[in-house]
Amino acid sequence: MNVLEFKDELFQKGSEKGFKDMELYYEKSDQFVCAIDKGEVDQFTTAEVTGVSFRGVYADQMGYAYTEKLDESSIEFLIENALENASVLESEDVEEIYEGDSNYKDISFSSEALKSVTTEEKINFMKELDKEIYATDERVVATNFFTMQSVDVQKAMYNSKGLSLEDDQNYLVYMVIVIVEENDVTKSGVHIEVVSDWGKVNAKESAHKAVQEAVSYLNPLETDDKFYPVILRQDAARSLLDTFVTTFSAETAQQGMSKLKEKVGSKIAGDNINLVDDPFMKNRMGSRTFDAEGVATEKLNVVENGTLTTLLHNRKTAKKDGVKTTGHASKASYKGTVNVAPSNFYIEPGSQSYEELVQGMDEGIVVTNLQGLHSGVNAISGDFSLAANGYYVKGGEIQGPTNLMTIAGNFFELLNEVNEVGSDLEFGPSNVGAPSLLLKGLSVTFE
C-alpha cells in the first residue's frame, strides 16, 4: 500500500471512529554509514527506514500514534492507539490540526548528484583518505572516529483539511580524528567535511587539512593565566551557539528555562550581532519548506543589530504568547512529538576573514574547540566553564599551540562583547552555524 492509499483509508476509518480532524506525517530515510580502521572497513551499514505518525482530534483532545508499516493492520493500530491516547490526556491546551497556508516555497533540497554516488565510491574514497592521512606526515600514529554518513530523507504531511505537502533532502558528511605523536607527546585534531558536490571531494586535500589540524597542537607553549582577548574560531563559536540554541525557543521560555523570557524587543547583544534562521539554504541539514505542523516556513531575523525581535514558535507556543507562529514546529522523527527547534540557525557573518582577525590581535588566544559542553554549561544562566584547545597569538601572529586550557564566561555577556564578527561562516554537521568571533576577552587558565 503506498502512502496516499494508506492516508485515504486511514482518514476514512478515523472519521468513522469519531475523529474530528486528522493528520498523517510520513518519513522515509535511506542511510549509509561506514567506519574505517587501519585502512579496512570496520563498520558498514545501509538501512531504509519508513514510518508514519498519526494525529487526530477526538473529544477536544489530540491523540497520537505511529507505526513503521503501511498496511491494513497498521490503520487499525493507529486509530485504536490514538483513541486510547486521547482518552487519557487531560490537557488544558486545545490543539488543532492546521489547515495550511496559501503559499509554500517550491524548493528541492536534494542533490541528484549525491544520490548517484555509489556505495563502492564512498568506501573507496574513505580508504584513499585513510592512506593519504598516513602518507601526509610521519607523526601520524592513528585515526579515530573515522566515519562517513549519507542520508536521503523524504518527508510528507497530509491532513483531512486538504493539506498535502512534500519535502526531500540529502546530505553526506565525513569525520576523522587524527592522532599524532612527537617526542612522546600525543595530540589529536578533528576534521569534518559536509559534502555538497561529490565531484570536488579530494582525498589528498582533506588528508592535509586533517593532519595539519592535529600537528598544529604539538609542542605547546607555556602561557600565563589571565584575562585575554579571545578569538572563538568558527568551529568553537558554532559549538557554543549550538549549546545555547534552546534559549531562543519560546517553549523553553514558557517553561521558565530561558533567560530570554519576556525579552523580545530588548537589546540582548552588541549592534554587530545578527542571528538568522533560514530554512531555504542549500546543502544544510535543517532546510525545509514546511514545519512539523504544516506551517509554511520563512527566513526569520531572530536578533537584529543586537535586539531580540522574536523567539522561535510553534502554533501552541504562539497561541500562549498571543503572536503568530514562526514556523518552527519540529519533530526529531516520525516517532517524536511536536516541539520547537530551528531550521538553519546562524550568526550572520561580517567582513573580516579569520586571518585578518588574528592579524589585528596584539596578544590573545584563539580557541579552536571546546570540550564538556553539556557538563560545563548552565543553559539558563548562560555561565560556562569549558576545557578548550587553541593557539597563543602575539603581534598578530600565531606563536604556537597552548596547553589544554579552561575558558570561563557567560554566553549572554559574550554576545555583548564581540568586537568583530568574521566572514568565515560554517555549519559543520549540524543545523547551527557561526563565523569566527573576536571577543573583548575571557578568563583563561592553563593546565
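Using a 4.5 Å heavy-atom cutoff, the side chains of Lys28 and Tyr334 are not in contact. Two residues are said to be in side-chain contact when any heavy atoms from C-beta on lie closer than 4.5 Å; Thr50 and Glu27 fail this criterion. Contact check for Val245 versus Leu241: no side-chain heavy atoms found under the 4.5 Å cut-off. No side-chain heavy atom of Tyr98 sits less than 4.5 Å from a side-chain heavy atom of Glu23. Taking the side chain as every heavy atom from C-beta outward, Lys331 and Ser53 approach each other to under 4.5 Å. The shortest distance between side-chain heavy atoms of Thr402 and Pro220 does not fall below 4.5 Å. Between Val366 and Tyr228, every side-chain heavy-atom pair lies at or beyond the 4.5 Å cut-off. Side-chain contact between Asn274 and Asn305 is present, with heavy atoms from C-beta onward closer than 4.5 Å.
Annotation: cation-pi geometry not satisfied between Lys155 and Tyr26 (NZ/CZ under 6.0 angstrom from ring centroid, within 45° of ring axis). A cation-pi arrangement is not found for Lys299 relative to Phe280, the charged atom failing to lie both closer than 6.0 Å to the ring centre and inside a 45° cone about the ring normal.
The two residues Ser353 and Ser423 come nearest to each other via the heavy atoms CA-OG, 3.4 Å. Of all the heavy atoms in Tyr134 and Ala142, the pair that sits closest is OH-CA, 3.3 Å.
In this structure, the side chain of Thr317 does not engage the main chain of His313 through any donor-acceptor pair within 3.5 Å. Between the side chain of Thr309 and the backbone N or O of Asn301 there is at least one donor-acceptor pair closer than 3.5 Å. Distance alone, capped at 3.5 Å, places no donor-acceptor pair between the Lys105 side chain and the Phe290 backbone. Using modelled atom types, one side-chain atom of Thr368 and one backbone atom of Asn389 make a donor-acceptor pair closer than 3.5 Å. For Asp225 (side chain) and Thr445 (main-chain N/O), no donor-acceptor pair under 3.5 Å exists by modelled atom type. Side-chain N or O atoms of Thr147 include none that pairs as donor or acceptor with a backbone N or O of Ala35 at under 3.5 Å. Put simply, the side chain of Asn378 never gets that close to the backbone of Gly382: no donor and acceptor are under 3.5 Å apart. Proximity of a side-chain donor or acceptor of Asn159 to a complementary backbone N or O of Glu99 within less than 3.5 Å is not detected. Asp242 places no side-chain N or O within 3.5 Å of a backbone atom of Arg238 that could act as its donor or acceptor partner. The backbone N or O of Thr247 sits less than 3.5 Å from a side-chain atom of Ser258, completing a donor-acceptor pair.
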> After noting the C-alpha distance and the side-chain angles of Ile177 and Phe146, does the key distance pass the side chain to side chain contact (heavy atoms under 4.5 Å, CB included) rule?
Replying inline: CA-CA 7 Å; Ile177 298 178; Phe146 193 178; over 6 Å; no

> Do Gln254 and Asp321 pass the side-chain hydrogen bond (donor to acceptor under 3.5 Å, both in side chains) test, and can you show the C-alpha distance, the side-chain angles, and the key distance before you say yes or no?
Replying inline: CA-CA 9 Å; Gln254 290 170 2; Asp321 281 356; 3.1 Å; yes

> Would Ile347 and Leu437 count as a side chain to side chain contact (heavy atoms under 4.5 Å, CB included) if you check the C-alpha gap in whole Å, the side-chain angles of each, and the deciding distance to 0.1 Å?
Replying inline: CA-CA 10 Å; Ile347 297 174; Leu437 304 175; 4.0 Å; yes

>> Between Tyr174 and Phe125, does the ring-ring contact (aromatic ring centres under 6.0 Å, His included) criterion hold? Intermediate values first, please.
In response: CA-CA 10 Å; Tyr174 57 91; Phe125 172 79; 5.1 Å; yes

>> As a quick check of understanding, evaluate side-chain hydrogen bond (donor to acceptor under 3.5 Å, both in side chains) for Glu193 and Ser206, giving each step before the final call.
In response: CA-CA 8 Å; Glu193 291 201 30; Ser206 292; 2.8 Å; yes

>> Applying side chain to side chain contact (heavy atoms under 4.5 Å, CB included) to Leu404 and Phe446, what does each step give before you reach the verdict?
In response: CA-CA 6 Å; Leu404 186 67; Phe446 299 91; over 6 Å; no

>> ring-ring contact (aromatic ring centres under 6.0 Å, His included), that's the test. Do Phe44 and Phe32 meet it? Break it down for me.
In response: CA-CA 8 Å; Phe44 170 67; Phe32 162 88; 5.7 Å; yes

> side chain to side chain contact (heavy atoms under 4.5 Å, CB included) between Leu260 and Thr252: does it pass, once the steps are laid out?
Replying inline: CA-CA 9 Å; Leu260 299 183; Thr252 305; over 6 Å; no

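In this structure, Arg315 does not pair ionically with Glu293, as no charged nitrogen and carboxylate oxygen lie closer than 4.0 Å. Salt-bridge formation is not detected for the pair Glu298/Arg288: no Lys NZ or Arg NE/NH1/NH2 atom is positioned less than 4.0 Å from an Asp or Glu carboxylate oxygen. Salt-bridge annotation for Glu417 and Lys440: absent, with no side-chain N of the basic residue lying under 4.0 Å from a carboxylate O of the acidic one. Using a 4.0 Å cut-off between a side-chain N of Lys or Arg and a carboxylate O of Asp or Glu, Asp42 and Lys38 do not qualify as a salt bridge. With respect to Glu112 and Lys115, a salt bridge is recorded, a charged nitrogen being found less than 4.0 Å from a carboxylate O.
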Got a list of side-chain donor-acceptor pairs under 3.5 Å for residues 180-190, not counting sequence neighbours?
from, atom 1, to, atom 2, distance (Å)
Glu182, OE1, Asn219, ND2, 3.2

Indicate every side-chain donor-acceptor pair of residues 357-365 with a distance under 3.5 Å to a residue at least two apart or in another chain.
from, atom 1, to, atom 2, distance (Å)
Glu363, OE1, Lys226, NZ, 3.2
Glu363, OE2, Tyr392, OH, 2.5

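The only option from Asn314, Asp277, Thr297, Asp291 that meets the side chain to side chain donor-acceptor pair (under 3.5 Å) definition with His328 turns out to be Asp277. Of the options Leu442, Leu386, Val367, a side-chain contact (heavy atoms from CB on, under 4.5 Å) to Met405 is made by Val367 and by none of the others.
Looking at Glu213 and Tyr217, their side chains do bring a donor and an acceptor atom within 3.5 Å of each other. Of the N and O atoms on the side chains of Thr118 and Glu121, at least one donor lies less than 3.5 Å from an acceptor on the other residue. Side-chain contact, Asn410 with Asp383: a donor N or O sits under 3.5 Å from an acceptor N or O. Side-chain contact of Ser249 with Glu251: a donor-acceptor pair under 3.5 Å is absent, judged by distance alone. Counted by atom type alone, Ser196 and Tyr171 present zero donor-acceptor pairs between their side chains at under 3.5 Å.
Counting heavy-atom neighbours within 6.0 Å of Glu397 CD, excluding the residue itself, gives a total of 12 or less. Heavy atoms of other residues, nucleotides or ligands lying less than 6.0 angstrom from NZ of Lys131 number 12 at most.
Ile133 contributes atom CD1, which lies 12.5 Å from atom NZ of Lys204 (distance to the nearest 0.5 angstrom). The distance from the CG atom of Asn416 to the CD1 atom of Ile268 is 8.0 Å, given to the nearest 0.5 Å. Atom-to-atom distance recorded for Asp152:CG and Asp30:CG is 5.5 Å, nearest 0.5 angstrom. Between the CD atom in Glu166 and the CG atom in Asp168 there is a gap of 8.5 Å [rounded to 0.5 Å]. Separation of atoms CZ (Arg233) and CD (Glu426) is listed at 10.5 Å; rounding is to 0.5 Å. The line from OH of Tyr346 to CZ of Arg284 is 9.5 Å long, rounded to the nearest 0.5 Å.
Relative ring orientation between Phe248 and Phe345 is described as tilted, the plane-to-plane angle lying within the 30° to 60° band.
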